[in-house]
2 protein chains.
Amino acid sequence: MSPSNTNVRAKRLPEHDCATVRRVVDRIGDKWSLYLIGTLKDGPMRFNEIARNIEGISQRMLTLTLRGLERDGLVSRKVYPTKPPSVEYVLTDLGRTLLEPVNGLVLWAQKNTTQILQSQEKFDKKTAT
Amino acid sequence: MSPSNTNVRAKRLPEHDCATVRRVVDRIGDKWSLYLIGTLKDGPMRFNEIARNIEGISQRMLTLTLRGLERDGLVSRKVYPTKPPSVEYVLTDLGRTLLEPVNGLVLWAQKNTTQILQSQEKFDKKTAT
DNA sequence: CCCCTGCAAGGAGGCACTTTCATGTCACCA
DNA sequence: TGGTGACATGAAAGTGCCTCCTTGCAGGGG
């Protein structure tokens, strides 16, 4: 698994697999994307509704993160002809399909967080000596 | 879904779920962790073997990333009493269990990369107008 | 003697991400 | 009239990640 695009014969995942999954992880790995996906999974929401739901996100980051999700086709944006403007965001069909693998990570995380924290504690104790 | 630790009754994932999955995504979301996990899934490897397998990674980042994976209990490290030193890294049982959800992301990515790229192209064309 | 090997570590610098602050437009309300 | 709301945008600043370079130790080989 190497970020290089060259094909290398080796006992490891094909490199394009890793590059491909990296793009997904880069997408959902920024600070706010998973929060947005999780918020929108319950149905359409407007910009400030989302802002109120997600504690701590700046308006700048809400705009930018929604923009990125829309660009990737995971979220769609519908502007209503109102004043002030009213914009509705909703997970697309594609965005919905991402919920299953994301849930896989959630379940794994729930199952293993305790063990990971214990491992970190043990490791830190060992290296602090 | 909010990074806050407060419990909020809302039609969305429990907040600690999101904080929990964020830790996993932070773990595997750095530049090199997935490459290392993918490389080690085939069996134990030594430090410079890994370095040669993963194109582009600096020695600094290899050390730091292995350190982080070890701290989380996903990788284990065995030092052999040789000169020069010889260290073997291997995925732990816990590390192996991460392969399934990671594969879920790989499969989703393989299935949807084309659609995402098309969506990006369409979006970029629209905003360039 | 010099270079290479293995496996690190520290520090400087660059880049990207995020926050903060200010700004914009228009309608509505007290 | 001024403040508020909705939904943005741009710029500056701070932070963190990563690369690059150098260093360290000991053994082996040309």
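Proteins come first, then strands; the chains are lettered A, B, ... in the order of their sequence lines, and each starts at number 1.
Mapped onto DNA chain C by nearest heavy atom, B:L64 and A:M61 fall at different nucleotides, with B:L64 at the one closer to the 5' end. Each of B:P85 and A:P85 was matched to the nucleotide of DNA chain C holding its nearest heavy atom; the match closer to the 5' end belongs to B:P85. Position along DNA chain D of the nearest nucleotide to A:S86 versus B:S58 favours A:S86 as the more 5'-ward residue.
Comparing C:dA9, D:dA26, D:dA6 by their closest approach to the side chain of B:P84 singles out D:dA26. Closest to the side chain of A:W32, out of D:dT19, C:dT19, C:dT5, is C:dT19. For A:R60, whose side chain is taken as the heavy atoms from C-beta onward, the closest listed nucleotide among C:dC7, C:dA9, D:dA11 is D:dA11. Counting only heavy atoms from C-beta on, A:K83 has its side chain closest to C:dC26 among C:dT20, C:dC26, D:dT19. Closest to the side chain of A:Q59, out of D:dA8, C:dA8, D:dC18, is D:dA8.
Between B:E55 atom CD and D:dT19 atom C1' the separation is 16 Å, expressed in whole Å. The distance between atom CG of A:D26 and atom C1' of C:dT18, rounded to the nearest whole Å, is 16 Å. Look at CZ on A:R46: it is 11 Å from C1' on D:dC7, rounded to the nearest Å. Protein atom OH of B:Y80 is 23 Å distant from nucleotide atom P of D:dA26, rounded to whole Å. The interatomic distance linking B:I57 (CD1) with D:dC18 (P) rounds to 9 Å, in whole Å. Atom-to-atom, CD1 of B:I54 to C1' of D:dC18 comes out at 15 Å; the value is rounded to the nearest Å. Atom P of nucleotide C:dC4 and atom CZ of B:F47 are separated by 18 Å, given to the nearest angstrom. Regarding B:E88, its CD atom lies at a distance of 13 Å from the P atom of C:dA8, rounded to whole Å.
Proximity of A:T20 to A:R23: side-chain heavy atoms (C-beta onward) are separated by under 4.5 Å at one or more points.
Counting all heavy atoms, side chain and backbone alike, A:G43 lies closest to A:R96 at N-NH2, 4.5 Å. The two residues B:W32 and B:G56 come nearest to each other via the heavy atoms CH2-C, 3.6 Å.
For A:Y89, no side-chain nitrogen or oxygen approaches OP1 or OP2 of D:dA6 to under 4.0 Å. For B:K31 and D:dT19, the shortest distance from a side-chain N or O to OP1 or OP2 is below 4.0 Å. Close to D:dC7, at under 4.0 Å from its OP1 or OP2, lies no side-chain N or O of A:R77.
The backbone N or O of A:S33 lies less than 3.5 Å from a partner atom in the side chain of A:D30, making a donor-acceptor pair. No side-chain donor-acceptor contact under 3.5 Å links B:S86 to the backbone of B:Y80.
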